[in-house]
Amino acid sequence: MRKFTDPILAWYETHARDLPWRSPDATPWGVLVSEIMLQQTPVVRVLPVWHAWLERWPAPADLAAEPSGEAVRAWGRLGYPRRALRLHAAAQAIVERHGGEVPDSHADLLDLPGIGSYTAAAVASFAFRQRHAVLDTNVRRVLARMIDGVEFPPKSQTRAEVATAETLLPVDPPTAARWSVAIMELGALVCTARSPRCVDCPVLDRCEWQARGRPAYDGPPRRGQTYAGTDRQCRGRLLAVLRDAHGPVAKPALDVVWSDAVQRERALDGLIADGLVDPVADGLYALPS
DNA sequence: AATCCGTGGCA
DNA sequence: TTGCCAAGGAT
C-alpha cells in the first residue's frame, strides 16, 4: 500500500495549504470547530467565521456559557445553522462530561451532538494524531478513482469503502493521521469532482481510473437539489431577519420575506421546533436564549 | 434508506 | 443561465 501512501505523503509536504486549524498552535477545540464548520461548506467561507469564533470563544466553556442564539448569530451565513446549535450543545456536553476539555477518544467524540463518524475520526486524527479511517467526500472520490477506477463513489458510503480506507491506513498513528489529511487535501486540490488536475497528481501512474482512460460516471443519475422555492430557502430568509436584528422581531417583519403564507408558517414552525427560533411573546420572535 | 437541512461560487 | 458541488449529520 505504500505505493499509494508514500507519494501522497510526499506531495502533501510541499503542497498542503497553510490553514489555521492545521497550525501547531491550533487547539483540539479549534480543530473541532473547524470540522463542524467545514461540513458541506467551502474553506474560503469558513476562514473568517472560524477566526472570529475562536477569538470570542477560545474554549468550550466560553461558548457553553452563552445563549445558543449567540452561536446561531455568530454562525452568520455559513449555512445549515442547526450546526451552530449542535456545536453549542457539544460545548455544553464537553463541559459537563469532560471537564471542559475536548475528549480524545473516538467514542466520546461520537457521542457529542453534531459529530458523526467522519467528524469523530477527523478530530481524533487531526487534533490527537490517532489512527482512524477518515472518509469524507474528498477521500471517497480519490479512492473511487485511484483504486476502483471509477469517476465517482457510490451515493452512500459502503463497507467496501471503509475496508479500502483501513487497508491503506499506515500502521504508525502519527503517520496515519498525516496520511488522512494528505489524501483529503489531494482530493480537495487535485483530484477534484470537476476538472481534476491529473497532470499534477503524485499517483497518476498508479491510478486505475487513469489506466482505464478516465471513463465518465455511468451510475444512477444524481438527484438535483433545486433550492429556489423550497422550505430551506424560506427558513434561510426568516432566520436571516432574526440574525440581523438586535432584539425580538415582530411577525410582520418576518412575513415580508416570503409571500406564500402556508409555506412561511410551516418553515417558521420548523425553525421553532428545531430550536433555532424562540417565540418570546405574542407575535414576537427572537433567536433562542 | 431516503430526505431534509443553507449558502454562494463557478464552469 | 443554472445545475453542480463544498471536510456530513440526524431522523
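Reminder, nothing fancy here: chain letters follow the sequence lines and each chain counts from 1. Computed from heavy atoms alone, side chains included, the values below leave out hydrogens, waters and symmetry copies.
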Original post:
Between A:Ser156 and A:Arg82, which is nearer to the 5' end of DNA chain B once each is assigned its nearest nucleotide?
Top reply: A:Ser156

**OP:** Nearest whole angstrom, please: distance from the C1' of C:dG9 to the CG of A:Leu110.
**Re:** 11 Å

Original post:
Taking atom P of C:dG9 as reference, at what distance in whole Å does atom CG of A:Leu38 sit?
Top reply: 12 Å

**OP:** Test A:Tyr285 against A:Val280 for side-chain contact (heavy atoms from CB on, under 4.5 Å), laying out the working first.
**Re:** CA-CA 6 Å; A:Tyr285 300 86; A:Val280 289; 5.9 Å; no

Original post:
Strictly by modelled atom types, are A:Arg86 and A:Tyr80 linked by a side-chain donor-acceptor pair under 3.5 Å?
Top reply: no

**OP:** Side chain of A:Phe152 only, please: which of C:dC5, C:dA10, C:dG9 is the nearest?
**Re:** C:dC5

Original post:
Would you call A:Asp231 and A:Arg235 a salt bridge, using N to O less than 4.0 angstrom?
Top reply: no

**OP:** Could you check which of C:dA7, C:dG9, B:dG6 has an atom nearest any side-chain atom of A:Glu35?
**Re:** C:dA7

**OP:** Report yes or no: is the cationic atom of A:Arg214 (NZ for Lys, CZ for Arg) under 6.0 Å from the centre of the six-membered ring of A:Trp209, at an angle within 45° of the ring normal?
**Re:** yes

**OP:** Look at A:Glu185 together with A:Arg17 and state whether they make a salt bridge at an N to O cut-off of under 4.0 Å.
**Re:** yes

Protein-nucleotides 8-11 of chain B N/O pairs closer than 3.5 Å?
unit_1	atom_1	unit_2	atom_2	d
B:dG8	OP1	A:Arg77	NE	2.4
B:dG8	OP2	A:Arg77	NH2	3.2
B:dG8	O4'	A:Arg45	NH1	3.3
B:dG8	O4'	A:Arg45	NH2	3.3

Original post:
Base, sugar-phosphate, or nothing for A:Arg140, non-hydrogen atoms under 4.0 angstrom?
Top reply: nothing

Original post:
Quantified in whole Å, what is the P atom distance between nucleotide B:dA11 and nucleotide C:dA7?
Top reply: 15 Å

Original post:
Does the distance from a Lys or Arg side-chain N to an Asp or Glu carboxylate O, for A:Glu151 and A:Arg141, drop under 4.0 Å?
Top reply: no

**OP:** In sequence, state the C-alpha distance, the side-chain angles, and the governing distance for A:Arg140 and A:Glu161, and then conclude on salt bridge (Lys or Arg N to Asp or Glu O under 4.0 Å).
**Re:** CA-CA 7 Å; A:Arg140 295 185 62 218; A:Glu161 290 181 273; 2.8 Å; yes

Original post:
NA contact type, A:Thr137, heavy-atom cut-off 4.0 Å: base, sugar-phosphate, or nothing?
Top reply: sugar-phosphate

Original post:
Using a heavy-atom distance cut-off of less than 4.0 Å, which residues of residues 114-136 of chain A contact DNA chain B?
Top reply: none

Original post:
Is the shortest side-chain N to carboxylate O distance from A:Arg22 to A:Asp18 below 4.0 Å?
Top reply: no

Subject >> Closest-nucleotide 5' rank along DNA chain C - winner of A:Leu112 and A:Val43 >> reply: A:Val43

Original post:
What is the distance, rounded to the nearest whole Å, between atom CZ of A:Arg83 and atom C1' of B:dG6?
Top reply: 8 Å

Original post:
Which distance, rounded to the nearest 0.5 Å, do you find between the CG of A:Leu186 and the SG of A:Cys201?
Top reply: 5.0 Å

Original post:
Checking all strands, does A:Trp21 fall into the base, sugar-phosphate, or nothing category for heavy-atom contacts under 4.0 angstrom?
Top reply: base

Subject >> Nearest-angstrom distance from the residue atom CG of A:Leu109 to P of C:dA7 >> reply: 21 Å

Subject >> Identified side chain to side chain contact (heavy atoms under 4.5 Å, CB included) partner of A:Trp21 from the options A:Val33, A:Leu32, A:Leu38 >> reply: A:Leu38

**OP:** Can you sort out which residues in residues 232-261 of chain A have a heavy atom within less than 4.0 Å of DNA chain B? Ascending by number, please.
**Re:** A:Arg232, A:Arg235, A:Gly236, A:Arg243

**OP:** Answer yes when A:Lys251 and A:Glu265 have at least one side-chain N-carboxylate O distance shorter than 4.0 Å, and no when they do not.
**Re:** yes

Original post:
Expressed in angstrom and rounded to an integer, what is the separation of A:Leu186 atom CG from C:dA6 atom C1'?
Top reply: 17 Å

Original post:
Looking for any heavy atom pair under 4.0 Å, which part of the strands does A:Leu87 touch: base, sugar-phosphate only, or nothing?
Top reply: nothing

Subject >> Where A:Arg145 and A:Pro196 come nearest, the two heavy atoms and their spacing >> reply: NH1-CB, 3.7 Å

Original post:
Just how far, in rounded Å, is C1' of C:dA7 from CD of A:Gln157?
Top reply: 13 Å

Subject >> Min side-chain heavy-atom separation A:Ile8-A:Met146 under 4.5 Å >> reply: yes

**OP:** Give a yes/no answer on whether the side chain of A:Gln39 brings an N or O atom under 4.0 Å of OP1 or OP2 in C:dA7.
**Re:** no

Original post:
Quick one: A:Asp274 CG to C:dA10 P, roughly how many Å, whole number?
Top reply: 13 Å

**OP:** Between B:dG6 and C:dT11, how far apart are the P atoms? Round to whole Å, please.
**Re:** 14 Å

Original post:
Please give, in whole Å, the distance from C:dC5 C1' to A:Lys155 NZ?
Top reply: 14 Å

